[in-house]
Student: 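Please see the structure below; I have some questions.
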Amino acid sequence: MTARAFSVVICVYTEERWNDILDAVASVRSQSLPAREILLVVDHNPALLGRLADEYRGSPGVRVLANAGPRGLSAGRNTGVAAARGTIVAFLDDDAVAGREWLRHLDRGYDDPEVMAVGGRTLPSWASGRRPLWFPEEFDWVVGCTYRGIPPGTVRVRNVLGGNASFRRTAFDAAGGFATGIGRDGDGRPLGGEETEFCIRLTRTRPRAVLLIDDRAVIRHKVPPARERFGYFRSRTYAEGLSKALVTRSVGAARGLESERRYTTRVLPAGALRGLRDFLLGRPGGAGRAGAVVTGVLAAAAGYAVGSARARRDGVSFAVPPVEPAGAREEVR
C-alpha cells in the first residue's frame with residue numbers, strides 16, 4: 001500500500017530546550033518512513049527563530065516558521081497545519097525523541113479511510129534515571145506520557161494525546177483548528193486539553209470518524225527534574241481540572257468527561273489499592289503512590305470546580321480559528 005506524505009510539526013518556544021529540539025528533529029530525520037517535511041514553529045521568540053533558521057538553513061525538508069497567531073501551543077500547531085504540505089500532519093513535542101518506526105506505525109492506521117487520527121505510545125525518560133517511587137503510573141499524563149489504564153495494542157479512543165499524534169490534513173478543513181484559549185499559552189500554567197476538545201469537535205463534525213492509538217508508534221518524552229517533584233504533580237493535576245472545565249464548556253460534560261468517568265471510577269481506585277497493598281507488603285513507595293492518587297483526584301476536582309465557576313462568571317474566551325484549505329496533497333511513493 002502507498003505510504004502517506006507526513007508533515008511533522010514541532011512547536012518550540014525557549015532556547016533552554018535547544019539540545020532537546022535538535023534531538024527531536026534528528027529523530028524525525030532518521031525515520032524508517034521519511035517525513036516529507038519537518039515544520040519547526042517558534043512561539044513568539046525572535047532569538048530562537050533566528051538561531052533555528054541559521055541552524056537549518058540549507059537543510060532539505062526542515063522549515064522554520066514563526067507562530068502566526070497568539071502566543072500558545074494551539075496557535076503554534078495551527079500555524080504548522082496551515083503550512084503543511086503532507087496528507088497527514090503529525091505532532092511531536094519539542095522535548096521528545098521518536099522511535100525509528102514511529103511514522104511507519106502511524107501511517108498503517110490510515111489504511112482505513114474512516115480513520116482521521118492516529119496517536120502512539122509515549123514513554124517517560126526520567127532525568128534522574130528512574131521513576132520516582134511515589135509517582136503512580138496512572139498519572140503519567142502529568143508528564144505528557146501514556147498512562148496506565150489505556151488498553152494495549154491498537155485501540156479506538158475518544159481523543160489522542162497531543163505530543164504524539166497525527167491527523168489527516170482534511171480533519172482541519174472539516175473541524176477548524178485547535179482552539180486558542182485552551183492549553184498552554186506561555187503564562188507558565190501547565191494547562192492542557194486542546195487536543196481533547198479538537199478530537200471531540202472533529203467526531204461531531206464527522207460522526208463516522210475513527211480515532212486510534214497504536215502503541216507501537218513509540219516516542220520517549222524527557223522529564224526534567226522539576227517535573228519529578230510532588231509540587232509539579234499537584235499543580236499539573238489542578239491545571240488539568242481547569243482545562244477540563246473549559247473543554248466541557250465547549251463540547252458538553254457528556255463527551256468532555258466521558259473517558260474521565262471510567263478513569264476515576266475504575267483505573268484510579270485500582271491504582272490506590274495497588275499502592276496500599278505494596279505499603280502493607282513493605283514495598284518501597286506504596287504509601288506515596290496511594291497518597292499521590294488521592295491528591296491527584298482532589299486537585300483535579302478542585303481545579304474543575306474553580307474553572308467551572310470562572311467560566312460561568314466570566315464566560316469562555318477561547319476561539320476556534322479556521323485553517324487554510326488543504327488543496328492537493330501528494331503521496332509518497
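All heavy atoms count here, side chains included; hydrogens, waters and symmetry mates do not. Numbering of residues begins at 1 and proceeds along the displayed sequence.
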Student: Hey, what do you get for CZ (Arg158) to CZ (Arg262), rounding to the nearest 0.5 Å?
Tutor: 12.0 Å
Student: For Val42, run the side chain to side chain contact (heavy atoms under 4.5 Å, CB included) check against Leu52, Asn67, Ile21 and tell me which one passes.
Tutor: Leu52
Student: Using a strict 4.0 Å threshold on nitrogen-to-oxygen distance, state whether Arg283 and Asp278 make a salt bridge.
Tutor: yes
Student: Does Arg169 reach the main-chain N or O of Val81 with its side chain, forming a donor-acceptor pair under 3.5 Å?
Tutor: yes
Student: Should we count CZ of Phe279 as having more than 12 external heavy atoms under 6.0 Å?
Tutor: no
Student: If you measure from CZ on Phe172 to CZ on Phe198, what distance do you get to the nearest 0.5 Å?
Tutor: 4.0 Å
Student: Does the His221 side chain pair with the main chain of Trp126, one donor and one acceptor, at a distance under 3.5 Å?
Tutor: no
Student: Within 45° of the ring axis of Phe91 and under 6.0 Å from its six-membered ring centre, is that where the NZ or CZ of Arg77 lies?
Tutor: yes
Student: Is the Phe178 ring parallel, tilted or perpendicular to the Phe167 ring (thresholds 30°, 60°)?
Tutor: perpendicular
Student: Kindly give the heavy-atom pair with the smallest separation between Arg206 and Ala174, and that separation in Å.
Tutor: CG-CB, 4.1 Å
Student: Take Asp93 and Arg17, measure what salt bridge (charged side-chain N to carboxylate O under 4.0 Å, His left out) needs, and give me the verdict at the end.
Tutor: CA-CA 11 Å; Asp93 277 348; Arg17 290 187 176 178; over 6 Å; no
Student: How many angstroms lie between CG in Leu48 and CD in Glu16, if you round to the nearest 0.5 Å?
Tutor: 11.0 Å
Student: Under a 4.0 Å N-O cut-off, is there an ion pair linking Asp54 with Arg51?
Tutor: no
Student: Working to the nearest 0.5 Å, report the span between CG of Asp95 and OG1 of Thr14.
Tutor: 11.0 Å
Student: When you measure from the side chain of Gln31 to the backbone of Gly99, do you find a donor-acceptor pair of N or O atoms at a distance under 3.5 Å?
Tutor: yes
Student: Taking atom CZ as the centre, does Arg274 end up with more than 12 heavy-atom neighbours from other residues, nucleotides or ligands that are less than 6.0 angstrom away?
Tutor: yes
Student: Could you walk me through whether Thr87 and Tyr110 pass the side chain to side chain donor-acceptor pair (under 3.5 Å) test, one step at a time?
Tutor: CA-CA 11 Å; Thr87 53; Tyr110 292 103; over 6 Å; no
Student: For the residue pair Leu211 and Thr203, what are the closest heavy atoms and their distance?
Tutor: CD1-CG2, 3.5 Å
Student: What I want to find out is whether Arg131 reaches Asp140 closely enough, with some N-O distance under 4.0 Å, to be called a salt bridge.
Tutor: yes
Student: Considering all heavy atoms of both residues, which atom of Glu55 and which atom of Trp18 are nearest to each other, and what is their separation?
Tutor: OE1-CZ2, 3.7 Å
Student: My understanding is that only residues two or more places apart in sequence, or in another chain, count here; which of them pass salt bridge (charged side-chain N to carboxylate O under 4.0 Å, His left out) with Glu114?
Tutor: Arg208
Student: Taking the six-membered ring of Phe6 (Phe, Tyr or Trp), confirm whether the NZ or CZ of Arg36 is under 6.0 Å from its centre and within 45° of its axis.
Tutor: no
Student: Do you see a donor-acceptor pair shorter than 3.5 Å between the side chains of Glu194 and Ser74?
Tutor: no
Student: If you measure from the Lys or Arg side-chain nitrogens to the Asp or Glu carboxylate oxygens, is any gap between Asp20 and Lys222 under 4.0 Å?
Tutor: yes
Student: Is there a path of hydrophobic side-chain contacts, each under 4.5 Å between heavy atoms, that joins Leu65 and Tyr13?
Tutor: no
Student: If you round to the nearest 0.5 Å, how far is OG of Ser166 from CG of Leu106?
Tutor: 4.5 Å
Student: For Arg266, does the CZ atom have more than 12 heavy-atom neighbours from other residues, nucleotides or ligands under 6.0 Å away?
Tutor: no
Student: Closer than 3.5 angstrom, by distance alone: can the side chain of Asp214 be matched with the main-chain N or O of Gly120 as a donor-acceptor pair?
Tutor: no
Student: To check you understand the geometry: which heavy-atom pair defines the closest contact between Ile219 and Ala96, and what is its length?
Tutor: CD1-CB, 3.9 Å
Student: Would you call Arg4-Asp111 a salt bridge at under 4.0 Å N-O?
Tutor: yes
Student: Hey, can you tell me if Trp141 and Phe139 have their rings parallel, tilted or perpendicular (30° and 60° cut-offs)?
Tutor: tilted
Student: Please report the shortest heavy-atom distance between Val97 and Ser27, naming the atom on each side.
Tutor: CG1-CB, 3.6 Å
Student: Checking Asn164 side chain against Ala217 main chain: does a donor-acceptor pair fall under 3.5 Å?
Tutor: yes
Student: What are the two closest heavy atoms between Val160 and Ala117, and how far apart are they?
Tutor: CG1-CB, 4.4 Å
Student: Just checking, any donor-acceptor pair under 3.5 angstrom between side chains of Arg104 and Ser32?
Tutor: yes
Student: Using only atom types and a distance under 3.5 Å, with no angle test, would you say the side chain of Arg168 pairs donor to acceptor with the backbone of Val89?
Tutor: no
Student: Strictly below 4.0 Å, N to O, side chains only: are Lys244 and Glu197 in salt-bridge contact?
Tutor: no
Student: With salt bridge (charged side-chain N to carboxylate O under 4.0 Å, His left out) as the test, would you mind laying out the steps for Arg216 and Glu101 before giving the verdict?
Tutor: CA-CA 8 Å; Arg216 298 171 299 176; Glu101 301 295 319; over 6 Å; no
